[in-house]
Amino acid sequence: MSHKITLTQFLIEQQRGLPDASGTFTLLLNNIVTACKKISHLVNRGELIGVLGSAESENIQGEIQKKLDIITNDIMVNELNWTGHLAGMASEEIDDPIKIPDQYPKGKYLLLFDPLDGSSNIDVNLAVGTIFSILRCREGIHPDVQDFLQKGAEQVCAGFVLYGPSTMMVLTTGHGVNAFTLDQDIGEFILTHCNMQIPETTSEFAINMSNQRFWEAPVQRYIEDCVRGNDGVSDKNYNMRWIASLVADVYRILTRGGVFLYPLDTRNPSKPAKLRLMYEANPMGFIIEQAGGLCSTGRERILNIKPDSIHQRVPVILGSKQEVERIMQYHQQG
Ligand code: AFP
């Protein structure tokens, strides 16, 4: 029988390579893993335990929350607020940063998360996920919003868990990207995809075409080229996929390449972009770049953006290197 490496073994082996590592970071990741296993269990049980459907409340983003948005947010908070590894947390679902209760010690990391991304898919039994990002924090402080407003390039770790046909965790600490599949029988994530690399070229794009009339000219032009295929300047035929669940779209791109666009649009002047910088774009950008791809607004590298608020939204164009470069060129040309 071949020896399978668990996520715990993988993390401890990585930690041994860093002589100054205290083990805190490994413990923190283990707590995140526990929270995600609990979420995986709930998502999998679904209607059997009455967790599907709307909670009929609105989050800070102005979106109607699903019951599972609230339940999964509580799981993340309650699994992580007592550990002593975090100085604070911020959730896509909550207006202000989440404080560590006074009775618990505070640590040197900040955790930002979207507890259930793609939750509009949950009632139709499609893939959803948890996305997280870890930043450093000065020790011994009570962090305020300003402490969270770090560039994506400063992330210590980013990851997501995809609750699909298999539950998978994709992780980077800045040394490549690895993916682990949850073995439900033994309750452990097992290393199944080492050092993932995104093919540099692609002929697959992902975009919500129903917003086409609201896009800027460079995106209009790029998608027009894709759709014209062999008959246009691209000289190849494209395929289109749109799962409307960022975790699933990004996982597909990590495995077989492709490009994902959620560009600026003029639908709602108060929300020119949809995806959130700190809960979606930054963690996905770190993962995509570590796998050899690119992540841009079309005009600048996502990881270089200095955030001005924790719920800031940005246009996102990510995936296969050559394709993202081409879209960036279109933006330069106007
Ligand atoms: P929900 O969490 O509200 O389902 O939003 C998911 C998401 O943020 C991201 O995961 C998708 O890529 C994108 O929005 C889908 O957007 P559209 O609903 O416009 O297709």
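No experiment lies behind these values; they were computed from the predicted model shown.
Side-chain contact between P97 and V145 is present, with heavy atoms from C-beta onward closer than 4.5 Å. Considering only heavy atoms from C-beta on, Y104 stays 4.5 Å or farther from L86 through its side chain. At a threshold of 4.5 Å between non-hydrogen side-chain atoms, the residues P115 and I75 do not count as touching. Annotation: side chain of Y163 is in contact with side chain of T130 (closest heavy-atom distance under 4.5 Å). Looking at I39 and M76, their side chains come closer than 4.5 Å, going by heavy atoms from C-beta outward. Counting only heavy atoms from C-beta outward, the side chains of T297 and I302 approach each other to under 4.5 Å. Contact annotation: the side chain of M284 approaches that of L318 to within less than 4.5 Å [non-hydrogen atoms, C-beta and beyond]. For the pair V259 and R326, the minimum side-chain heavy-atom distance is 4.5 Å or more.
The backbone N or O of D95 sits less than 3.5 Å from a side-chain atom of H311, completing a donor-acceptor pair. Under a 3.5 Å cut-off, the side chain of Q155 and the backbone N or O of G152 do form a donor-acceptor pair. Between the K37 side chain and the G187 main chain, a donor and an acceptor come within less than 3.5 Å of each other. At distances below 3.5 Å, not a single donor-acceptor pair connects side-chain atoms of N81 with backbone N or O atoms of I100. T202 contributes a side-chain N or O that, together with a main-chain N or O of E204, makes up a donor-acceptor pair within less than 3.5 Å. Remark: the backbone N or O of R276 is paired with a side-chain donor or acceptor of E280 at under 3.5 angstrom. Looking only at distances, a side-chain donor or acceptor of Q220 sits under 3.5 Å from a matching main-chain atom of Q212. Remark: the backbone N or O of G229 is not paired with any side-chain donor or acceptor of N237 at under 3.5 angstrom. D74 contributes no side-chain N or O that, together with a main-chain N or O of I71, makes up a donor-acceptor pair within less than 3.5 Å. In this structure a side-chain-to-backbone donor-acceptor pair under 3.5 Å is present from S320 to P199.
Note on L28 and W82: same hydrophobic cluster, where clusters join Ile, Leu, Val, Met, Phe, Trp and Tyr whose side-chain heavy atoms are under 4.5 Å apart, directly or indirectly. One hydrophobic cluster, built from ILVMFWY side chains closer than 4.5 Å, holds both I198 and V170. Hydrophobic clustering (ILVMFWY, side-chain heavy atoms < 4.5 Å, transitive): I49 and V43 are in one cluster. In the hydrophobic clustering of ILVMFWY residues, with side-chain heavy atoms under 4.5 Å counting as a link, F148 and I32 come out apart. Hydrophobic clustering of Ile, Leu, Val, Met, Phe, Trp and Tyr side chains at less than 4.5 Å, counting indirect connections, unites F260 with L277.
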- request: Show the numbers, then the answer: is there a side chain to side chain contact (heavy atoms under 4.5 Å, CB included) between I327 and H331?
  value: CA-CA 6 Å; I327 301 168; H331 279 80; 3.7 Å; yes
message: What verdict does the side chain to side chain contact (heavy atoms under 4.5 Å, CB included) test give for K67 and I122, after you've listed the backbone C-alpha separation in whole Å, the side-chain angles of each residue and the deciding distance to 0.1 Å?
response: CA-CA 10 Å; K67 283 186 207 165; I122 190 73; over 6 Å; no
task: Before giving the answer on side chain to side chain contact (heavy atoms under 4.5 Å, CB included), spell out for E93 and S119 the whole-Å C-alpha distance, their side-chain angles and the decisive distance to 0.1 Å.
output: CA-CA 12 Å; E93 297 295 328; S119 59; 5.6 Å; no
message: With side chain to side chain contact (heavy atoms under 4.5 Å, CB included) as the criterion, how do L68 and L52 come out once you've worked through the C-alpha distance, each side chain's angles and the decisive distance to 0.1 Å?
response: CA-CA 7 Å; L68 268 173; L52 301 188; 4.2 Å; yes
- request: Take D183 and K4 through the test salt bridge (charged side-chain N to carboxylate O under 4.0 Å, His left out) and record every step on the way to the result.
  value: CA-CA 11 Å; D183 184 332; K4 303 229 171 92; over 6 Å; no
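Residue V250 forms a side chain to side chain contact (heavy atoms under 4.5 Å, CB included) with just one option from I253, L246, V247, and that option is L246. The side chain to side chain contact (heavy atoms under 4.5 Å, CB included) test with I223 is passed by exactly one of M240, R228, M209: M209.
Nearest heavy-atom pair across F113 and V77 is CZ-CG2, 4.1 Å. Closest heavy-atom contact between I207 and W242: N-CE3, 3.3 Å. In terms of heavy-atom proximity, Q312 sits nearest to P307 at OE1-CA, 3.2 Å. Looking at every heavy atom in both residues, S245 comes nearest to V128 through OG-CA, 3.8 Å. When all heavy atoms of F286 and A158 are compared, the pair lying nearest together is CD2-CB, 3.7 Å. Taking both residues in full, the closest heavy atoms of I64 and D69 are given as O-OD2, 4.5 Å, listed atom of the first, atom of the second, then distance.
Checked for salt-bridge contact, R252 and D249 meet the test: a charged N lies under 4.0 Å from a carboxylate O. For R301 and E289, the salt-bridge test passes: some basic side-chain N is under 4.0 Å from an acidic carboxylate O. A salt bridge between E224 and R221 is absent, with no side-chain N of the basic residue lying under 4.0 Å from a carboxylate O of the acidic one.
Here the NZ atom belonging to K236 is positioned 11.0 Å from the CG atom belonging to N230, to the nearest 0.5 angstrom. Atoms SG and NE2, from C157 and H175 in turn, are 10.5 Å apart once rounded to the nearest 0.5 Å. Atoms NZ and CE, on K99 and M89 in that order, are 12.0 Å from each other to the nearest 0.5 Å. Put simply, CG on N178 and CZ on F10 are 4.0 Å apart, with the number rounded to the nearest 0.5 Å. Taken from CG in L162 to SG in C36, the straight-line distance is 11.5 Å, to the nearest 0.5 Å. One finds the CD atom of Q14 at 12.0 Å from the CD atom of Q9 (value rounded to the nearest 0.5 Å).
At most 12 non-hydrogen atoms from other residues, nucleotides or ligands lie less than 6.0 angstrom from CZ of R136.
A donor and an acceptor atom, one from each side chain of Q322 and T201, are nowhere located under 3.5 Å apart. For N31 and T83, the side-chain atoms include no donor-acceptor pair closer than 3.5 Å. Using modelled atom types and a 3.5 Å distance limit, the side chains of Y279 and D117 yield no donor-acceptor pair. No hydrogens or angles considered: a donor-acceptor pair under 3.5 Å links the side chains of N73 and S91.
Taking the six-membered ring for Trp and thresholds of 30 and 60 degrees, Y222 and Y238 have ring planes more than 60 degrees apart, a perpendicular arrangement.
By the side-chain hydrogen bond (donor to acceptor under 3.5 Å, both in side chains) test, K38 pairs with E79, sequence neighbours left out.
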